[in-house]
Structure formats: structure tokens, C-alpha cells
**Student:** 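Submitted below is the structure of interest, expressed as C-alpha cells.
Within every chain, numbering begins at 1; the chains are lettered A, B, ... in the order of the sequence lines, protein sequences first and strands thereafter. Values reported hereafter were calculated over all heavy atoms of this structure, with side chains retained and with hydrogens, waters and symmetry mates removed.
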Amino acid sequence: MAKIHGHISINIENCKGCELCTNECPQESLKMSDNINKKGYHYAVLVEDNCTGCTNCAMVCPEAIITVYRQTKQKRQPVAVISNVTENLNINID
Amino acid sequence: MAKKLMKGNEALAEAAIRAGVKGYFGYPITPQSELLEYLSRELPQRGGAFLQAESEVAAINMVYGAAGVGERVMTSTSSPGFSLMQEGISYIACAELPCLLVNVMRGGPGLGTIQPSQGDYFQAVKGGGHGDYKLPVLAPNSVQEMAEFVYDGFDLADKYRNPVLILSDGALGQMMEAVEFPDYDVEAHKVDHSDWATRGRRKGHDHNVITSLYIQPDKMELINQHLQEKYRLIEANEVRFESIMTEDADYLLVAFGLSSRVAHKSVEMAREKGLKAGLLRPITLFPFPSEILSQLADQVSGMLVVEMNTGQMVEDVRLAVSGKVPVQFYGRQGGMIPQPDAILHEIEKYYEEHFAAEVN
Amino acid sequence: MTQLFPEKTDDPYLYLAGDESYKCELIEEMNQVWRRPDSLIDTPMHYCPGCGHSIAHRLLMEVVEELDIVERTVGIAPVGCAVFAYNYLNVDMQEAAHGRAPAVATGIKRVLPDRILFTYQGDGDLAAIGTAETIHAVNRGEKIVIVFINNGIYGMTGGQMAPTTLAGAKTSTTIFGRDPSVHGHPLRIAEMIAPLPGAYYVTRQAVNTANHVRKTKKALLKAFQYQIDNVDGTCFVEIVSNCPSGWKMTPLESNELLEDEIFQFYKLGDLKLPGKE
């Protein structure tokens with residue numbers, strides 16, 4: 001799978017349920033929860049494991065409560081592990 | 001330093017530069033335009049910013065901004081322009097920003113006349129704009145004082161974090177007199193405002209915010225109480241007045257600014273006739289010299305307030321003497337200046353009636 | 001501190017977002033690519049759900065952080081919905097009287113020319129009561145950034161007509177729709193000031209989609225960079241925004257209305273670029 005893997009975390013207590021992020025997500029990974037937060041809003045949640053970390057949701061989130069993570073290409077590939085080891089070795093040598 | 005012959009407006013402008021003014025924002029209006037013209041020439045060469053704004057409304061808000069960074073800034077105007085500035089002054093007073101305002105009064109109401117008047121007394125001392133606030137008001141009566149009060153005004157503004165008003169009039173602004181500028185060390189009088197001024201967020205601190213908006217009523221009440229405490233402090237510490245021949249007086253004239261010069265002459269004329277008149281001249285209109293007036297009310301048998309309006313300060317005098325003695329009023333309006341003879345006539349009339357009453 | 005993940009929940013959808021172990025395994029080995037800017041104070045904003053003001057606030061803080069000017073930026077808050085902007089923007093701020101923000105910014109800039117000044121104003125503030133201050137500040141070429149949020153309505157006072165309200169639009173003071181013969185025409189303020197010699201950079205952007213948000217950020221970056229470079233003139237960034245509460249619709253519907261109708265009248269793009277007329 002050559003796809004970029006991403007993830008988001010949402011500070012759901014500050015979500016106001018405007019739904020802009022669910023509309024903007026190209027992967028349709030976001031949905032409004034059936035539950036409500038302390039303010040009484042249905043909050044946005046990530047429901048699919050296909051997030052690419054494109055940041056679209058964070059761009060349109062008025063409350064700036066979405067943090068976006070993206071897995072580096074390096075770490076997805078097995079060679080990355082080897083390069084990590086070499087890096088460590090380099091450090092040891094120095 | 002040698003004395004120099006200058007117009008009142010220009011002397012005030014020169015004093016502002018010597019007091020370290022860093023920004024002047026104003027709009028031309030007769031009879032204070034010389035102030036603006038002088039500063040437009042001199043201030044940029046002597047370390048300050050001069051800007052002719054698009055209106056008095058903009059000018060006072062430029063002062064609000066510049067005062068908010070803690071520098072010495074000022075504006076000047078005349079009566080109709082001062083009305084336009086009231087909104088901004090209310091904001092400045094609530095946000096507690098130090099700055100100097102100058103109102104070179106002219107006759108009103110409305111567009112009125114360009115001749116001198118004292119018709120803005122209420123507006124100056126009772127607040128002027130919306131809400132409960134006060135400005136310390138200094139009332140010069142000579143070109144020398146037009147200059148001196150600039151230093152005092154800036155110092156008061158810095159001390160109390162409050163706008164200070166110099167309430168002058170068209171005659172004082174336009175007349176030429178010899179003036180001597182006192183030695184004044186700007187650096188020594190500098191007050192550090194960095195703890196509240198909006199000069200850019202300081203390292204390791206939260207941001208500074210200047211506002212006059214406190215939407216919670218309990219908070220807004222606290223702000224009001226804080227402001228009132230400050231005004232009480234100013235009343236306790238900053239009252240200034242001049243007593244002329246009051247020691248043995250049995251009749252007291254009260255006048256400020258230009259009318260106090262005329263009243264002074266009338267008192268001298270009365271003294272020549274053997275009438276023991278005296279003059280009390282409030283220098284600060286807020287805080288008002290109520291205490292000395294109350295004391296003098298125990299000594300004199302009557303008072304006469306002379307103003308270039310239809311009777312404004314007379315109300316404060318009556319409040320101060322609280323019915324102890326009758327307080328009469330003599331005034332001219334619309335740009336007319338009271339004549340010494342006319343005031344003397346009022347004094348003589350009082351003595352005749354008072355004397356007649358005693359005989360009866 | 002608000003809790004990012006609730007401890008226990010029956011919500012099946014929360015499994016992925018809320019599971020701490022999931023977070024440890026997945027997130028910790030990922031790069032954080034976007035988060036709330038530090039200078040945006042960590043408190044819920046008072047704006048209605050879906051309001052563009054909040055996005056504009058965030059972008060401003062992203063920009064001052066990226067340009068490293070947090071410590072020499074002074075912002076001027078308006079009167080209107082953004083009256084409390086200083087509760088969210090952690091740069092020195094002054095709250096101006098209604099419409100007077102450009103005058104306030106002028107005062108500061110003239111006394112402290114090395115500071116970076118911006119005003120943040122709505123359509124009532126900038127295009128109605130403060131038109132004179134706006135035009136004269138730009139005409140003097142004051143070296144400030146004016147951020148103009150145009151949502152075509154008075155949000156704070158309850159949805160009355162703004163000078164920028166489109167013809168036919170229903171508001172609480174034009175209940176049958178704005179009739180230009182009675183209420184005047186919608187005002188394109190950016191087009192008005194772009195020809196002024198004092199205007200250096202004039203652009204109209206939006207924040208209704210992710211791409212528009214990214215473009216708006218670029219425009220703001222440009223405007224602030226110009227001021228840092230001390231260019232001779234005013235930078236004016238208009239952001240056509242929504243007002244779901246004032247327009248009486250959902251945030252999604254309001255964003256659709258922007259695309260369908262409002263951008264036809266308020267065309268997005270640069271109105272004046274340096275070196276081009």
C-alpha cells in the first residue's frame with residue numbers, strides 16, 4: 001500500500017458541531033458523533049482508518065481543535081528500519 | 001533663559017516639544033490652528049511625529065492608539081472639534097491612557113463663532129462624553145501659563161494614567177505675551193509604562209490589552225469604582241487655585257481663564273474705591289477648589305462668579321458654598337468678553353444693596 | 001487543560017480517536033503536520049459554530065508566528081463580533097471605538113514605526129461607520145495591514161443589513177430583501193480603495209474551503225511580509241466570510257451560498273499587486 005497514512009486528534013470538548021470538517025474530508029473519514037459533548041454539541045470523530053493527514057479538516061475547523069499527524073514515508077518502508085540502525089551506528093562511531 | 005514674545009497657541013506648541021511630545025494628531029480649526037501649524041513645522045525636526053488627521057474623530061483615535069504605547073502624545077482643537085472628540089476621550093479615560101488634550105474654546109452652541117468663550121466648562125469638567133469619567137482640567141490665564149501647564153499636564157497624565165485637558169480660549173490662544181520656558185528634563189520625568197503599554201508582547205509575558213469593554217456588569221462596576229477612586233485621589237492631591245486680595249475681602253469674585261484677568265482688573269478698581277473685593281481663581285477646574293471656597297464663604301458676605309457663558313462654573317461655586325452666602329453671576333456670551341467697568345458696576349451694586357440692608 | 005481523549009465511552013466511533021493505546025502506537029511514530037498555533041490562546045472562542053472569524057483569527061496567529069513577529073506585532077480589534085479578538089490573539093492588542101481601528105493603528109505606527117500593525121474589522125466597522133478612517137488611512141499609505149471580514153451582515157447586533165449586504169438579501173432591517181432604491185447598493189470597498197495610490201496590495205480571499213483557507217494564509221503572509229519590508233503603502237486583505245446565525249442557515253448551507261451567489265458579486269482574487277496596475 002503506497003498510500004500515505006495519517007491520523008487526527010480532535011479536542012471534542014471544544015467542538016461546536018459545525019460539520020465543516022466532515023464536508024471537507026476527501027476520504028470521508030469524519031462523521032458527527034451521536035453523542036454530545038459538555039456544551040451539548042454533536043462532535044466530529046474520525047471513523048475510518050483511511051486518513052491521509054491532508055489537513056483539510058484542520059484548515060476549515062473554526063475552533064482550531066484538530067491536530068493532524070502524518071506518517072513519514074521513510075517509516076512506512078522496511079528499509080527505513082535499516083537506515084535507522086545505520087544512523088544509530090553513526091552516532092555510536094562519532 | 002530669555003523671554004520670548006509669542007502667541008499663546010505657539011507657546012503651548014513649543015512647550016509640548018520641550019516636554020518631550022512624541023506624537024501630535026490634530027485637525028485645523030480656528031482659533032487654535034497656529035498650534036497645529038507650529039508643530040507641523042517643528043515637531044518632525046525635533047523627534048516627534050506630526051499628522052494632520054482627516055477629522056477630529058480620527059485625530060482623537062490616533063491619540064488613543066499612540067497613548068496606548070506609553071509615549072507622550074497630544075491633540076488640540078476648538079469647541080466644535082472638541083465635541084467630535086468626546087467619544088474617543090470617553091474610551092481613553094476608561095482605558096486609562098495618559099495624554100494631553102487642548103481645547104481653545106470659541107463661542108457656541110453649534111458652529112457658533114470663532115471669538116473666545118468659556119461655553120465648554122460643563123463639557124470639560126463633568127466628563128463630556130458618555131459614562132462616568134473625569135479629566136483633570138487646567139485653565140491658564142496667560143501665555144506663560146499656556147506653556148507651563150503643558151509640562152504639568154503631561155506629568156499629571158503620566159502620574160494618574162488619565163487624559164488631561166488644558167482649557168484655554170481663543171483670546172489666550174491668539175494673544176502675544178512674553179513667555180519664558182522653564183528648564184525641564186524630559187528623561188527625569190519619564191514614567192515607565194511598559195507593564196501595560198501595547199508596544200509588542202514582552203518576552204516571557206502574556207500580551208498587553210488596552211480596552212474599555214467589560215461586558216460583565218460586575219466587572220464594569222469595579223472599573224467604575226476604580227476610576228472614581230482615582231478621581232478622589234486627584235481631588236485630594238491636585239487642587240490648584242490663585243487667591244488675589246482675599247485675606248480681608250468681604251465680597252469675593254470667582255473667575256477662571258480669560259475672565260479671571262478681567263475680574264482681577266475689576267477687583268483692583270474696586271479696591272481703589274475702598275471696596276474690599278477679592279478674587280479666587282480656580283486653576284484646576286477639576287478637581288474644583290471647593291474647600292477654599294467653602295472657607296471663604298465663612299468670611300465674605302457674598303460672591304460673584306464671572307464667566308464667558310450663561311453660568312456654568314457658578315453651579316459648582318454654589319455647590320461648594322452650600323447656601324452659606326448668596327452667589328451671583330455675571331456673564332457675557334457668544335464671543336463677547338466682559339469689561340472691567342461692567343464687573344465693577346456689579347460689585348458697586350452689591351455693596352450699595354448690602355450697605356442699604358445693613359442700615360435698615 | 002481540556003482532555004483530548006475521554007476516558008470511557010460507549011460511542012463506537014470513538015474507538016479510533018479515543019483509544020489511548022491506539023494513540024501511543026500510531027500517533028507517536030507520526031510527524032505532527034498541523035496543530036493549533038501557540039499564539040492562539042487556548043480557550044473556546046465565542047463565535048457561533050462554523051463562523052469564519054475563528055479561521056481568520058487562527059490564520060493571523062499562524063502568520064505572525066511563521067514570520068517571527070509575535071513580539072513586535074500590535075493588533076487593533078474592532079467593534080462587532082470580533083470585539084473580543086484580543087481574548088484569542090496573544091499579541092499586544094488595542095480595542096478601538098467603532099470604525100476607528102485604522103486611525104488607532106495610524107497613531108501607533110507613526111510613533112513606533114518599527115512595529116507591525118494590523119487592524120481586524122468587520123463590514124459595519126470598516127465599510128459603514130469607519131469608511132472615512134479606512135479610506136484616509138489607505139490614501140496616506142499607512143504602513144499597516146487591514147484585515148477586512150466581509151460577511152454582508154451585522155452579526156453582533158442580531159443580523160441587520162450591512163453596507164455590503166447583497167441586493168435582495170433578507171436581514172432583520174430589510175425583511176423583504178435589500179432594495180437598492182431604498183437601502184442603497186452593496187458596497188465593494190476593495191474595488192474602491194484599490195485605485196488609491198496609497199494602496200500597495202489589495203486582495204479578496206475567502207475561508208469557506210480548505211483551499212481558500214490556504215490561499216488566504218498566503219495572502220496574509222504576503223501582506224505582513226510587505227509591511228516587514230517597509231513598503232510604501234497599505235496592504236488590504238478582504239476575507240469574504242459567512243454568518244450562519246445571521247443568514248439563518250447551517251454552516252454548510254452558508255458556505256454553499258458563498259460559492260453560489262456571493263462570490264459572483266464579490267469576486268475572489270488580487271485587486272492590486274505591487275508593480276501591476
**Student:** Is the count of non-hydrogen atoms from other residues, nucleotides or ligands lying under 6.0 Å from C/Lys218 atom NZ greater than 12?
**Tutor:**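 Not more than 12 within 6.0 Å, no.
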**Student:** Could you pull out all residues at least two apart from A/Cys25 that satisfy side-chain contact (heavy atoms from CB on, under 4.5 Å)?
**Tutor:**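 Residues passing side-chain contact (heavy atoms from CB on, under 4.5 Å) with A/Cys25: A/Gln27, A/Ser29, A/Leu30.
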**Student:** With rounding to the nearest 0.5 angstrom, report the CD1 to CH2 distance, A/Ile66 to C/Trp34.
**Tutor:**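 If we round to the nearest 0.5 Å, A/Ile66:CD1 and C/Trp34:CH2 are 8.0 Å apart.
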**Student:** Between C/His46 and C/Phe84, how do the two ring planes meet: parallel, tilted or perpendicular, split at 30° and 60°?
**Tutor:**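 The rings of C/His46 and C/Phe84 stand perpendicular, inter-plane angle above 60°.
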**Student:** Side chain, backbone, both or neither: which part of C/Leu252 has an atom under 4.5 Å from a heavy atom of chain A?
**Tutor:** both
**Student:** Look at C/Pro37, C/Pro49, C/Gly52, C/Cys48 and state which one has the largest set of heavy-atom pairs under 4.5 Å with chain A.
**Tutor:** C/Pro49
**Student:** What is the minimum heavy-atom distance between C/Ser39 and C/Val70, and which atoms define it?
**Tutor:**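 Taking every non-hydrogen atom into account, OG-CG2, 3.9 Å.
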**Student:** Checking A/Glu24 against chain C: side chain, backbone, both or neither under 4.5 Å from a heavy atom?
**Tutor:**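 The answer is the side chain of A/Glu24.
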**Student:** Chain C heavy atoms under 4.5 Å from A/Cys15: which part of the residue, side chain, backbone, both or neither?
**Tutor:**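 Looking at A/Cys15, nothing touches chain C.
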**Student:** Taking only heavy atoms into account, what residues of residues 201-213 of chain C are found under 4.5 Å from chain A?
**Tutor:** C/Asn208, C/Thr209, C/Ala210, C/Val213
**Student:** Can you sort out the partners of C/Arg58 under salt bridge (Lys or Arg N to Asp or Glu O under 4.0 Å), two or more places apart, ordered by chain and number?
**Tutor:**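 Residues passing salt bridge (Lys or Arg N to Asp or Glu O under 4.0 Å) with C/Arg58: C/Glu62.
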**Student:** Looking at residues at least two apart in the chain, or sitting in another chain, which of them share a side-chain hydrogen bond (donor to acceptor under 3.5 Å, both in side chains) with C/Ser245?
**Tutor:** none
**Student:** Using 30° and 60° as the class limits, which term best fits the ring planes of C/Tyr47 and C/Tyr88: parallel, tilted or perpendicular?
**Tutor:**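 It falls in the tilted class, 30° to 60°.
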